[in-house]
Amino acid sequence: MERNGTGAIASLPKLGLGLGLRSLHFDQIIEQQPAIAWFEAISENFMDSGGRPRWAIRAIAEHYPLVLHGVSLSIGSTDPLNFPYLGKLKALAEEVKPVWVSDHLCWTGVQGVNSHDLLPIPLTEETLNHVAARVHQVQDFLERPLILENPSTYLTFTQSTLTEPEFLRQLVEETGCGLLLDVNNVYVTCFNTDADPLAYLDSFPWSSVVQIHLAGHQHCGTHIIDTHDRAVEPAVWELYRLARSRSQGASTLLEWDGNIPSLAEYHAELLKAKQYMDENGKPMAIAETSCNNKESVSTPVDFLVPEVMGNTVWEQK
């Protein structure tokens, strides 16, 4: 593909409101074909399967627009790119014809070991050059633009010389990749790192945003954990209102990975987004839930806050 993918990004369609594809909803989606605009599938859940999951994603892709969202590309790692992994991803993409393929601005492992977590990178010029070179390789291999998501983070690096929006802006300019803005991650990261989420949105490269993520989180007073196991918080909905008004209609996707509700409840939560699509909407009061250590957490941070997380049961996303 061309080194500058700006035209390809601009030509991607506006899909409307979609849901993360979860296995407990397969039968209902295939049999009833509910009025849901599109689905996002976790790439790794289907790449190695030749059985029912692969059959299900093919069946769903016949009736709905589908995107693939990965969690193991490890674009920021110092390990060489995993081309066997990329080969499986490309084969899946050729089979189900996703509208786009995305992953996270992070690293997930080193020396061939996958941590199954989305780990932060230092935001420096050196890291930028490293990640940009790898994005070029991935896009050339997949023969399509890569869409990258801002991850939730729980710390900052003293070495960082760029803000995350600045880093992503320069990455887009260098590689032509697209961006997936997760507004829940913006809220989580800014709270955890004492940053201003409005300033974050003000400096984001909006012309490259093709998708927005929504999800729930767990507020623990001193920090917030990105759990994806409950409804979207009012503060995140308000950030979504601001983001949606700047994104020129980017596709919106609701994620739910733990305590997954029925498809009807899941869809009803997604449809709340319609209330926040008017840029002249009134700001909402911010209300947060408290932390319950007996709840499951989908992003392990026990190495950061062991006193809080010591009794937690981990869930891999």
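When a residue number appears, it is its place in the shown sequence, counting from 1.
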Return yes if some donor-acceptor pair links the side-chain N/O of [X] with the main-chain N/O of [Y] below 3.5 Å, else return no.
| X | Y | value |
| --- | --- | --- |
| Glu164 | Asn150 | no |
| Thr189 | Val186 | no |
| Thr127 | Pro122 | yes |
| Asp103 | Leu73 | yes |
| Asp196 | Leu198 | yes |
| Arg134 | Ser74 | yes |
| Lys14 | Gln248 | yes |
| Ser160 | Thr156 | no |
| Asp226 | Ser152 | no |
| Thr108 | Leu118 | no |

side-chain hydrogen bond (donor to acceptor under 3.5 Å, both in side chains) evaluation trace for Glu233 with His219: CA-CA 10 Å; Glu233 292 290 342; His219 201 305; over 6 Å; no
Ile42 vs Asp257, side-chain contact (heavy atoms from CB on, under 4.5 Å): CA-CA, chis, key distance, verdict: CA-CA 11 Å; Ile42 302 299; Asp257 297 314; 5.5 Å; no
[Y] and [X], any side-chain heavy atoms less than 4.5 Å apart:
| X | Y | value |
| --- | --- | --- |
| Leu180 | Ile212 | no |
| Thr124 | Leu128 | no |
| Trp100 | Leu146 | no |
| Leu181 | Leu201 | yes |
| Ile121 | Ile75 | no |
| Leu19 | Trp256 | no |
| Pro53 | Trp55 | no |
| Leu81 | Val138 | yes |

Hydrogens and angles aside, do [X] and [Y] bring a side-chain donor and acceptor to less than 3.5 Å of each other?
| X | Y | result |
| --- | --- | --- |
| Arg241 | Gln275 | no |
| His217 | Asn184 | yes |
| Tyr240 | Thr252 | yes |

Intermediate values then yes/no, side-chain contact (heavy atoms from CB on, under 4.5 Å), Leu68 and Ser102: CA-CA 6 Å; Leu68 292 176; Ser102 65; over 6 Å; no
If a pair satisfies salt bridge (Lys or Arg N to Asp or Glu O under 4.0 Å) and one of its residues is in [range], list it, with sequence neighbours excluded.
| range | value |
| --- | --- |
| residues 176-186 | none |
| residues 198-224 | Asp202-Arg246 |
| residues 50-62 | Asp27-Arg52, Arg54-Glu95, Arg58-Glu95 |
| residues 81-93 | Asp48-Lys88, Lys90-Glu143 |

Could you state the interatomic distance from [atom1] ([X]) to [atom2] ([Y]), rounded to the nearest 0.5 Å?
| X | Y | atom1 | atom2 | value |
| --- | --- | --- | --- | --- |
| Leu254 | Leu214 | CG | CG | 6.0 Å |
| Glu40 | Leu66 | CD | CG | 9.0 Å |
| Asp117 | Ser72 | CG | OG | 10.5 Å |
| Trp206 | Ser245 | CH2 | OG | 7.5 Å |
| Arg144 | Leu12 | CZ | CG | 10.0 Å |
| Leu179 | Ser208 | CG | OG | 5.5 Å |

Audit row: Gln139, Thr175, side-chain contact (heavy atoms from CB on, under 4.5 Å) steps and yes/no: CA-CA 9 Å; Gln139 293 186 139; Thr175 67; 4.2 Å; yes
His69: partners by ring pair (Phe, Tyr, Trp, His ring centres under 6.0 Å), with sequence neighbours left out: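 His104, His213.
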Residues that Phe46 engages under ring pair (Phe, Tyr, Trp, His ring centres under 6.0 Å), provided they are two or more places apart: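 Phe46: no ring pair (Phe, Tyr, Trp, His ring centres under 6.0 Å) contacts found.
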Gln159 atom CD, neighbour heavy-atom count above 12 within 6.0 Å: yes
Gln33 atom CD, over 12 foreign heavy atoms within 6.0 Å: yes
is_close_aromatic(His25, Tyr266), centroid dist under 6.0 Å: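 They qualify: ring centres under 6.0 Å apart.
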Ring center gap for Tyr64 and Trp38 short of 6.0 angstrom: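 Judged by ring-centre distance (under 6.0 Å), Tyr64 and Trp38 do not meet the cut-off.
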N-O pairing of Arg169 and Glu166 below 4.0 Å: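 Judged by the 4.0 Å cut-off on N to carboxylate O distance, Arg169 and Glu166 do not form a salt bridge.
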Gly70 versus Ser43, closest heavy-atom pair with distance: N-OG, 3.6 Å
Whether Phe141 and Phe83 hold their rings parallel, tilted or perpendicular, with breakpoints at 30° and 60°: perpendicular
Candidate pair Tyr85 and Glu44, rule side-chain hydrogen bond (donor to acceptor under 3.5 Å, both in side chains), full reasoning: CA-CA 9 Å; Tyr85 168 91; Glu44 291 79 2; 2.5 Å; yes
Worked check of side-chain contact (heavy atoms from CB on, under 4.5 Å) between Thr163 and Leu123: CA-CA 7 Å; Thr163 66; Leu123 303 175; 5.9 Å; no
